[in-house]
Amino acid sequence: GGQRLAPAAPPSQPQDEGLQLLLRRSREAKNSAYCPYSRFPVGAALLTTSGEIFSGCNVENACYTLGVCAERTAIQKAISEGHTSFRAMAIASDMGDHFIVPCGACRQVMREFGTDWNIYLTKADGTYVVKTLEELLPLSFGPEDLKK
């Protein structure tokens with residue numbers, strides 16, 4: 001299972017204490033990255049609407065196309081534990097001068113679960129910017145489009 005945030009945060013964004021925990025969990029997850037080929041460790045921490053955090057790291061494979069990103073690892077862990085409603089995700093890497101951003105495939109997987117949740121893009125020094133999924137993937141295609 002995940003780790004519960006306390007105190008409960010408002011629906012829009014995690015409170016400062018909760019946000020710092022989310023950011024820390026993404027950095028900790030990065031330390032577990034299995035990336036012998038790219039040497040580009042990434043960690044992600046996903047906050048559910050019920051206040052639990054699921055973390056993930058990138059996991060590479062000698063057959064390169066079978067690797068999986070940190071963001072999708074965190075989402076798959078949450079889904080496998082019964083969580084499908086998300087409030088925020090923090091992503092961490094070792095890039096010094098740039099904010100880490102999710103790849104297109106991860107943006108689409110995130111999109112499956114709505115467009116109005118927050119993604120905290122961090123630098124190695126801990127600074128961050130926050131974007132909504134709508135900002136990261138405008139004019140997106142999602143589950144509701146299959147019903148049209």
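FYI, the numbering just counts along the sequence from 1. As a basis for the values below, the full set of heavy atoms in this structure was taken, side chains included, without hydrogen atoms, waters or symmetry mates.
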Side chains of [X] and [Y], heavy atoms from C-beta outward: is any pair under 4.5 Å?
X	Y	value
F40	I100	yes
I53	L21	yes
I119	L121	yes
R25	F54	no
P41	D94	yes
K131	N118	no
P102	C69	no
L19	Y120	yes

Approximate separation, where rounding is to 0.5 Å, of [X] [atom1] and [Y] [atom2]:
X	Y	atom1	atom2	answer
T48	I79	OG1	CD1	10.5 Å
Q20	E17	CD	CD	9.5 Å
M110	E112	CE	CD	13.0 Å
C57	K30	SG	NZ	11.5 Å
C103	N58	SG	CG	10.5 Å

Looking at every non-hydrogen atom in both residues, tell me the closest pair between [X] and [Y] and how far apart they are.
X	Y	answer
S26	A45	N-CB, 3.6 Å
A44	A29	O-CB, 3.9 Å
A124	G96	CB-CA, 4.4 Å
A78	F86	CB-CE2, 3.8 Å

- Message: Taking salt bridge (Lys or Arg N to Asp or Glu O under 4.0 Å) as the definition, give me every residue that meets it alongside E135, ordered by chain and number, with sequence neighbours left out.
- Response: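 Partners of E135 under the salt bridge (Lys or Arg N to Asp or Glu O under 4.0 Å) test: none.
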- Return yes when atom CG of D145 has more than 12 non-hydrogen atoms of other residues, nucleotides or ligands closer than 6.0 Å, and no otherwise. yes
- Message: Are more than 12 heavy atoms, taken from residues, nucleotides or ligands other than K123, located less than 6.0 Å from that residue's NZ atom?
- Response: yes
- Query: In terms of the angle between their ring planes, are Y64 and Y37 parallel, tilted or perpendicular, with boundaries placed at 30° and 60°?
  - Reply: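 It falls in the tilted class, 30° to 60°.
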- Message: Out of the candidates Q108, R111, E134, R107, only one should pair with S140 under the side-chain hydrogen bond (donor to acceptor under 3.5 Å, both in side chains) rule; please name it.
- Response: R111
- Would you say the side chains of T49 and R87 form a donor-acceptor pair under 3.5 Å? no
- Message: Is it true that S38 and E60 share a donor-acceptor pair across their side chains at a distance under 3.5 Å?
- Response: yes
- Message: Is the distance from the ring center of Y128 to that of F99 below 6.0 Å?
- Response: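 Between F99 and Y128, which both carry aromatic rings, the centre distance is not below 6.0 Å.
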- Task: Report whether F113 and L47 are members of the same hydrophobic cluster (ILVMFWY, side-chain heavy atoms less than 4.5 Å apart, transitive linking).
- Result: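 No; tracing contacts between hydrophobic side chains, which count when under 4.5 Å, never links both residues.
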- Item | Cluster overlap V130 with M95, hydrophobic side-chain contacts below 4.5 Å |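 Per the 4.5 Å side-chain linkage, V130 and M95 are not co-clustered.
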- SB check K77 E81 (cutoff 4.0 Å): no
- Option from L46, V42, T122, V101 for which side-chain contact (heavy atoms from CB on, under 4.5 Å) with I91 holds: V42
